[in-house]
**Q** 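This is the structure, below, for whatever I ask next.
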Protein chains: 2
Amino acid sequence: MGTYQAWDALGDPTRRAIVECLAERPRAVGELAEVLPISRPAVSQHLKVLKEAGLVSDQATGTRRVYRLNPAGLSALRDQLDTFWSRALEGYQSAVENEEKT
Amino acid sequence: MGTYQAWDALGDPTRRAIVECLAERPRAVGELAEVLPISRPAVSQHLKVLKEAGLVSDQATGTRRVYRLNPAGLSALRDQLDTFWSRALEGYQSAVENEEKT
DNA sequence: ACGAACGGTAAGCTATGACTTACCGACGAC
DNA sequence: GTCGTCGGTAAGTCATAGCTTACCGTTCGT
C-alpha cells in the first residue's frame, strides 16, 4: 500500500505508456497489447505492477478484463509531489540566489 | 529537457531518498554520501541523472558543490500528473457508456 | 459437449543500471 | 610551491527488471 510503489511503477516508460493509454479510456488487456510494441503477457505483467501500486483497477466482464486508471492512486501521488514542492520552495528562498545552467 | 526523464529519475528509490534529503535543505555531495548507505561516487552518478532530469541544480562554492531541488522540475512533474488525473476522471465517468471498437 | 478467445502465470534469456574501487583534476590552506 | 579535501569520471562486477515463448484455466458461442 506504500505510495512509493507508485513511483517505482511509473519509472518504466512502457508502464507510463499504459497509463497514458488508460487515461483516454478504459481498455482490455488485448487492446493495450495491440497498441503497444510488446506482447500480451508483458502487458499483463505491467498491469499487475500498476495494480499493486494502486494506479489502476480492473473489472472482469465475460472473458475480457477491463483496466482503468485509479484516480485515488494518482491523487495520492500528486499529494506527495506537492509536499516535495513546497518543502523545496522553503529551502529555496532560504538560500542565496545564485542561478546557473547546465 | 524531456520531462519524462524526471519519471525515470524518480523511479529509483535511492534517488527519491536524495530528493527527500534535498527537500529539507541544500546539501553538498559529501553530506549526502554520509547520510545515504552508498558511496560518494554513487551519489555523484545519481545527482547527474537528477540534474539532467531538471530536478536538481548545483552551485560550486570553493571545492564544495551544493545541490538543491529545482522547483521548476517538480512543478512540471505535477502538471503532468494533473493532466493524467483529470483525463482519468473523464474516462471514469464516461466508462458507464459503451466501449468502442479499435 | 467442443473449440476459440481472453488473459494470467511459469520458466528462461538478456540487457540495463546501480554499485564498487581506482584514478584524476580543481581549489583552498599553509 | 606542496598537501589535503572535495567531487566527477572510468572500468568492471553483479543483480534485477523487462521481454519472450509455452502453458493452463476460465468463459462464451455453437
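FYI, side chains are in, hydrogens and waters are out, and symmetry mates aren't considered; it's all heavy atoms of this structure. Every chain is numbered from 1 and lettered A, B, ... according to where its sequence line falls, protein lines coming before strand lines.
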**Q** Rounded to whole Å, how long is the line connecting atom CD of A:E34 with atom P of C:dA5?
**A**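 One finds 13 Å between P of C:dA5 and CD of A:E34, rounded.
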**Q** Could you state the CG-P distance from B:L32 to C:dA18, rounded to the nearest angstrom?
**A**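 One finds 17 Å between P of C:dA18 and CG of B:L32, rounded.
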**Q** Find the distance between CG (A:D58) and CZ (A:R68) and round it off to the nearest 0.5 Å.
**A**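 Answer for the CG-CZ pair, A:D58 versus A:R68, is 9.5 Å.
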**Q** Rounded to the nearest angstrom, tell me the gap between atom NZ in B:K51 and atom P in D:dG7.
**A**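 In whole Å, D:dG7 P and B:K51 NZ are 13 Å from each other.
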**Q** Indicate, with yes or no, if B:L47 and B:L36 share a hydrophobic cluster defined by side-chain heavy-atom contacts under 4.5 Å among Ile, Leu, Val, Met, Phe, Trp and Tyr.
**A**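 As far as the 4.5 Å side-chain criterion goes, B:L47 and B:L36 are connected within one cluster.
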**Q** Name the residue closer to the 5' end of DNA chain D, choosing between A:G11 and A:T63 according to the nucleotide with the nearest heavy atom.
**A**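 Of the two residues, A:G11 wins.
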**Q** What's the closest nucleotide to the side chain of B:S44 if the choices are C:dA18, D:dT5, D:dG8?
**A**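 Of the candidates, D:dG8 comes closest.
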**Q** Mind listing the N/O atom pairs, protein and nucleotides 20-22 of chain C, below 3.5 Å?
**A**
residue : atom : partner : partner atom : Å
C:dT20  : OP2  : B:S39   : N            : 2.7
C:dT20  : OP2  : B:S39   : OG           : 2.5
C:dT20  : O4   : B:Q45   : NE2          : 3.1

**Q** Ignoring hydrogens and geometry, is there a side-chain-to-backbone donor-acceptor pair from A:N70 to A:G54 under 3.5 Å?
**A**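 Yes: the side chain of A:N70 pairs with the backbone of A:G54.
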**Q** Short question: side chain of B:E31, backbone of B:A28 - any donor-acceptor pair under 3.5 Å?
**A**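 Confirmed, B:E31 side chain pairs with B:A28 backbone.
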**Q** Nearest 0.5 Å, please: how far is CG in B:L55 from CD1 in B:I18?
**A**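 Here the interatomic distance stands at 11.0 Å.
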**Q** Nearest 0.5 angstrom please: B:Q59 CD to B:R64 CZ, how far?
**A**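 One finds 11.5 Å between CD of B:Q59 and CZ of B:R64.
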**Q** Rounded to whole angstrom units, what separation is found between the CZ atom of B:R16 and the P atom of C:dA18?
**A**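 After rounding, the reported distance stands at 11 Å.
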**Q** Report the distance from atom CG of A:D8 to atom P of C:dA18, rounded to the nearest whole Å.
**A**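 Going from A:D8 (CG) to C:dA18 (P), I get 11 Å.
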**Q** Nearest to the side chain of B:R64, heavy atoms from C-beta on, is which of D:dG7, C:dC19, C:dT9?
**A**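 Of D:dG7, C:dC19, C:dT9, D:dG7 is nearest to the side chain of B:R64.
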**Q** B:K48 has an atom NZ; how far is it from atom C1' of C:dA18, in whole Å?
**A**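 Result: 14 Å.
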**Q** Closer than 4.0 Å, any side-chain N/O of B:R15 to the OP1 or OP2 of C:dA18?
**A**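 Answer yes for this pair, as a side-chain N or O of B:R15 is under 4.0 Å from OP1 or OP2.
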**Q** Below 4.5 Å, heavy atoms only, C-beta onward: do A:K51 and A:S57 meet side chain to side chain?
**A**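 No. Closest side-chain heavy atoms not under 4.5 Å.
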**Q** Check the distance between C:dG28's P and B:R65's CZ and give it to me in whole angstrom.
**A**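 Those two atoms, CZ and P, are 12 Å apart.
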**Q** Look at A:T61 and D:dC28 and indicate whether a side-chain polar atom (N or O) is within less than 4.0 Å of OP1 or OP2.
**A**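 Answer is no, no contact under 4.0 Å.
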**Q** Does OP1 or OP2 of D:dG8 have a side-chain N or O of B:Y67 closer than 4.0 Å?
**A**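 Yes, such a contact exists.
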**Q** Quick one: A:L50 CG to D:dG18 P, roughly how many Å, whole number?
**A**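 Going from CG in A:L50 over to P in D:dG18 covers 10 Å.
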**Q** Looking for any heavy atom pair under 4.0 Å, which part of the strands does A:A60 touch: base, sugar-phosphate only, or nothing?
**A**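 Here A:A60 touches no strand at all.
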**Q** Would you say C:dC19 has OP1 or OP2 under 4.0 Å from some side-chain N or O of B:T14?
**A**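 For C:dC19, OP1/OP2 do have a side-chain N/O of B:T14 under 4.0 Å.
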